[in-house]
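As a basis for the values below, the full set of heavy atoms in this structure was taken, side chains included, without hydrogen atoms, waters or symmetry mates. Chain letters run A, B, ... following the sequence lines, proteins first, then strands; residues in each count from 1.
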Amino acid sequence: MEFDFRAIEKKWRKDWEDKGIYRVTEDASKPKYYVLDMFPYPSGAGLHVGHPLGYVASDIYARYKRLKGFNVLHPMGFDAFGLPAEQYAIETGTPPQVTTDKAIATYKEQLGKIGFSYDWSREVKTCDPSYYKWTQWIFLQLFGSWYNREKDKAESIDTLIARFAQSGTDGFAQFDKEDHAPFTAAEWKGFSEEEQQHILMHYRLAYQSYSEVNWCEALGTVLANDEVKDGKSERGGYPVERRKMRQWFLRITEYSDRLLRGLDTLDWSEAMKDMQRNWIGRSEGAIIQFNLTQTLSKGEGLNTNTGKPGFYHTDPLSWNANIEKAKEHRHDPTEAEEIVWQRLRGNATGHKIRRQHLIGSYIPDFVCILKRLVIEIDGPIHNDQQEADQERTSDLRRLGFEIIRFKNEAVFANIDNVIQQIKSRLDSLPDVPYDGAITSETNEDVLAPSPLERAGGEVAVFTTRPDTIFGATFMVIAPEHELVASLTTPAQQKEVDDYITYVKSRSDIERQQEKRVTGAFTGSYALNPFNGARIPIYLAEYVLAGYGTGAIMAVPADDERDRKFAEKFGLPVIEVIDKSMYPGATIEDKVGKMINSDFINGMEVKDAIKAMLEKVEALGIGKRQVNYRQRDAGYSRQRYWGEPFPIVYKGDLPYPLPVSELPVVLPDVTSYKPSGDGRSPLANATDWVNTSHGQRETDTMPGYAGSSWYFLRYMDPNNPDAFAAKEKIDYWQNVDLYLGGSEHAVGHLLYSRMWHKFLHDLGYVPTEEPFQKLVNQGMIQGVSKFVYLLSWESSDSTVHKVPYVFVSKEFYNDYLSNGKVITPRLTTLIEDLIKEYGGDAKNVFWDNVKINDWHLDIRLAEDGKLDIEGYKKWRPDFERSVFILNDNQEYLVDFAVEKMSKSKYNVVNPDDVIEKYGADCFRMFEMFLGPLDQSKPWDDQGIDGVAKFLRKFWRLFYDDKGASRVSDEAATDAEYKVLHKTLKKISEDIERLAFNTCVSQFMICTNELIELKCTKRAILEPLVIALAPFAPFISDELWAALGHSDSVHKATFPAVEEKYLVESSFSYPISINGKVRANLQFDLNMGEAEVKAAVLANDVVLKWTEGKEPKKFIFVKGRIVNVVV
RNA sequence: GCCCUAGUGGCGGAAUGGUAGACGCGCUCGACUCAAAAUCGAGUGUCGAAAGGCGUGGGGGUUCGAGUCCCUCCUGGGGUACCA
């Protein structure tokens, strides 16, 4: 009987289905194991040979685990919502449901042929209402929860409401004044429903906010990033603009730290973990406040010697210590002070007066810097502190200031008199300007401050390098920063406006790819809190509004981008780190000794950062801050084919629907085209939108919604009362082995980890992490093939008559090596051809003759030679073509390894392979190609080897005439050794997912058994079990032939018996100076001394040692002998 | 740029720091056959007649011994990005 795989596979496929042998239940008597493949999107194109690579691997593993006595959950389903089906619906009107069902049927048919052991009774589809009911339910949980940072877990929003009702925002560390104003418990209770809801929206884990989307007016819809190319819509090429729209978001950033820490507990590749770590992007640093400079006045000016403003009469530490107090005083003056101020302000006396201005460590009531005069208005308290006042006066004198004092009563009694006294004193004093003071003539801008400077505001920056603050010579804020308008001085208004217009015209992608340095000066200056330097504030694209505070202190000496910016705008560079003792250290490395940096001079960078952080916090000008690169995840799509939100609007407020209303079923619509006003096609289904509860949300959920929790549904796929029953989740816990492509590293794998942690916080799942072990399978690439078309243009009309000319690959190679110029041989050829068709070769644009490569169907050149007739049939438009052959009269095509894709005509369909070789062969060959995690091109050249192996294995059981060869004779030790060597290798290699070497071992084993002429049941039976995970069909057939009535897939994996593997002697490779020169057999009991004696006496060894005593003798038992001479 | 990953015969690939190239394809020769397919046997890194030399992307290092560990450079693949 010949090995007839077609009949066998058909027979067993039916048998397995009839008996439901892959049905899985929660069997408490066995340990559980959950093997999962990443959720496929059922594309209309069906499977190609690349898709099943991971599925075959996981199926082998699942089957192996079953044989090892585990209760294995190994399900399959479909991530069925998605853009392609919707796009097809827009184009053809076919409902996405129909397209999707058809694609799923194709997938299942194809998967079925390969012999996977999925329990199809557990299939889930995300687009099935009984499934997405629970996607919606989880969304409601997210909406109804907030993240309690004190407990570091999510909990019901009710606990937050209770907190607000009890103590408002008082002592609530999570409160951020950027989000909303602080309130008391009483105020909370007094808020309207709307006000309360708006506040809660800042805490919900699913929340609404405004964000920019790609709006395409012409298409009337919002586009995804990959649907936008060069600022235009990919379809149609219409303009796309950024538009703010209200969107749903998931507050995944609350989980950033846990997502990061959780990675340490997972059995994932470091590459994968690194990708997630980089994506989350944790950075420790500080937020530091920079005060803005105050108005500079004529005469005070800027001290060009110190770089400090002329009004600056203090030191940085006193400034930092007192500036807040001074501001308070300004806002809350005494009655007398206020009366005086009203008469002094705005140069009323002809002199510029400042109030509550810092001089040394004092804050006098008023001061005229130019005249060096301090004016104090003394309240009653001064009667009791004469001594202190005395000391203060002398201190101020030392700083060069005179003092004039008035009592409150004097001010109240006769203000005119007081002002007159002040004025005459000022008039009598000489000006004391700084050297190099600026004047209004040269620097009008500094005399016309920005609104924020006038208001004495401040700007916060985020930095991970607080140690470099002494090198901060300018500040950069994002063009979208909310303070831009108030930082812009009148003189800089136009420049800033122009710059912002330029920035707005650019897409995110363009901004990211921009290598030029661009920016604009706002006109404002900030004060470096540590050295008082006055530093300009610029706008620049390279600072992003969404990260940190949207502002940086720029340190050109220690940051590449800052340095480039400084070069471009002519800004100073102050070196602050000496890296001379770290040769090879780059600007980015956090090493070196601090210089030019005051109190941290000489410190190592690491220590300096620490010292600076402490100082900053001690001075109260900033605080430590951990930032994450990761953003909250957008959760809205203005699309039809996705999960509807269980949300209705009453007025403008979103309200969750009660769970009893779930699922909110996606309605049928007449058109899948967008509504045109930015809402999804659902907006047109007015009957559906308007409900008694309110108006439905018309956005739908994104692709990752359904795939973020599907692994839980497989545990209990048909449960109508819960996403999965508690006892089932408790049994299955989480996925033990998850297989899929690395392209999901930062999307799906982060979202599902977050959902899982959220469900864990709420007590629905016992585990913190959903996927314990993760393995990425490599891609199977296609091998594309090319023909070469010669093309030219001519000014006469014969060009249209002359047939197309295809040249063999040698001509193309010559063309390439000739600098993309055709060789004389081809020139002659074209000339002859044109002549033949009555044209004149002179009219050809010879500079423009090209050879282009064209993809062709790979089946038309299986051995590298083109099937010319087949090609003409395949492309009738090229029927009238000339094919120029090489010297061997062949037309050779060239190859390239590329992604497998329809458009490259390099797709190999597994159905074709299975038809030709069978599923068992296909499965084993996919594994035989190489290591699972490596990408490799599909090339079925070697598949014959696997097919041959299966036939050989079959012939161990049957002879030529189809009679059974299996004997019940006792097996020899040699035969047992072959068996157990194989069993050992197979089980070890399956455990480490090295399936390629398993296949090799099966081949070796079969060859050895043939050599031994062994057809004994005692050997073959265990082998059939071991082969079953790889080749399930042939194994079940042979198992039955051995007389078993139950399936081989219900058997137990045979134990390895080490006793057959014990060797008594070993053939030692004898190397001299590390080079193997001989092999000598020694008993494994022999010790070093005995072996040494024998080795050194050996002829070959003697020849190499020339009889000398070796320098060294290395003996590794059972491994090697090395003689060093 | 940064991160990850790989580089071994004509090809896919194997090799706990211990005999490089297992296994398979392809190729060569042979057997069976009228012939072909299938099957079976022998050979197959490279230079050399042989002895032997050389060989795991290049260069350097550690080691008795390096494809494997370290440094550095080159090339391919994947990911990611003005993240302060």
Give me the distance, rounded to whole Å, that separates B:G10 from B:C27 when you measure between the C1' atoms they each carry. 9 Å
Tell me, with the steps shown, if A:F1082 and A:V1095 meet side-chain contact (heavy atoms from CB on, under 4.5 Å). CA-CA 10 Å; A:F1082 293 114; A:V1095 166; 3.9 Å; yes
Taking a pair to mean Watson-Crick or G-U wobble geometry with both distances below 3.5 Å, B:A50 pairs with none
Have A:N627 and A:S283 got a donor and an acceptor in their side chains that come within less than 3.5 Å? no
B:C25 -> Watson-Crick or G-U wobble partner, both distances under 3.5 Å, gives B:G10
Of A:D939 and A:D274, whose nearest nucleotide on RNA chain B comes first from the 5' end? A:D274
Protein-nucleic acid N or O pairs under 3.5 Å, nucleotides 67-69 of chain B:
none

Distance test, side-chain N/O of A:R951 to OP1/OP2 of B:A38, below 4.0 Å: no
Once salt bridge (Lys or Arg N to Asp or Glu O under 4.0 Å) is applied, what residue pairs with a partner in residues 278-290 of chain A remain, sequence neighbours excluded? A:D257-A:R282, A:R282-A:E284
Quantified in whole Å, what is the C1' atom distance between nucleotide B:U80 and nucleotide B:U72? 25 Å
P gap between B:C73 and B:C3, integer Å: 12 Å
Considering only atom P, compute the distance from B:A20 to B:G52 and round it to an integer number of Å. 15 Å
Taken to the nearest whole Å, CG/A:D989 to P/B:G13 is 17 Å
N/O (side chain, A:R1077) to phosphate O (OP1/OP2, B:G65) under 4.0 Å: no
Atom-to-atom span, NZ of A:K1111 to P of B:C64 - whole angstrom: 11 Å
Pairing partner of B:G67, by Watson-Crick or G-U wobble and under 3.5 Å for both distances, is none
Take the protein atom CZ of A:R629 and the nucleotide atom P of B:C83, then report the distance between them rounded to whole Å. 9 Å
Distance, rounded to the nearest Å, where A:M275 contributes CE and B:C4 contributes P: 10 Å
When the aromatic ring centroids of A:Y538 and A:F565 are compared, is their separation below 6.0 Å? yes
Between A:V56 and A:Q777, is any pair of side-chain heavy atoms under 4.5 Å apart? no
Heavy-atom count around A:Q1081 CD within 6.0 Å, excluding the residue itself: above 12? yes
May I ask you to test the A:I477-A:L539 pair for a side-chain heavy-atom distance under 4.5 Å? yes
Given the ring of A:W279, does A:R753 sit roughly above its face, with NZ or CZ under 6.0 Å from the centre of the six-membered ring and within 45° of the axis? no
Separation between the P atoms of B:G76 and B:U8, rounded to whole Å: 14 Å
Complement of B:U33, any strand, by Watson-Crick or G-U distances under 3.5 angstrom: none
Please give, in whole Å, the distance from B:A84 P to A:I537 CD1? 21 Å
Between A:Y958 and A:F3, is the ring centroid distance below 6.0 Å? no
Measure the distance from CG on A:L950 to P on B:U39 and round it to the nearest whole Å. 12 Å
Side-chain contact test, heavy atoms from C-beta onward, threshold under 4.5 Å: evaluate it for A:I577 versus A:D467 and give yes or no. yes
According to the Watson-Crick and G-U wobble definitions, with both distances under 3.5 Å, which nucleotide is paired to B:G17? none
In whole angstroms, the gap separating P of B:G77 from CD of A:Q777 amounts to 20 Å
For nucleotides 18-30 of chain B, just jot down a letter per nucleotide in 5' to 3' order: B, S or -, based on protein non-hydrogen atoms under 4.0 Å. BB--BBSS-----
Does B:A38 have a Watson-Crick or wobble mate here (both distances under 3.5 Å), and if so which one? none
Is the ring pair A:H748/A:H744 parallel, tilted or perpendicular, if the boundaries are 30 and 60 degrees? perpendicular
What is the distance, to the nearest angstrom, from the NZ atom on A:K1013 to the C1' atom on B:C40? 11 Å
Could you tell me the Watson-Crick or G-U partner of B:A81, where both distances fall under 3.5 Å? Say none if there is no partner. none
Determine the Euclidean distance between corresponding P atoms of B:A37 and B:U44; express it in Å to zero decimal places. 24 Å
Considering just the side-chain nitrogens and oxygens of A:R561, establish if one lies under 4.0 Å of OP1 or OP2 belonging to B:C83. yes
Relative to the 5' end of RNA chain B, which residue comes earlier, A:R631 or A:V1124, by the nucleotide with the nearest heavy atom? A:V1124
Where does B:G9 land, syn or anti, given syn is within 90° of 0? syn
Both distances below 3.5 Å, Watson-Crick or wobble geometry, any strand: find the nucleotide opposite B:G55. none
Whole-Å C1' distance, B:G43 and B:U5: 37 Å
Would you call the rings of A:Y751 and A:Y704 parallel, tilted or perpendicular, where under 30° means parallel and over 60° means perpendicular? parallel
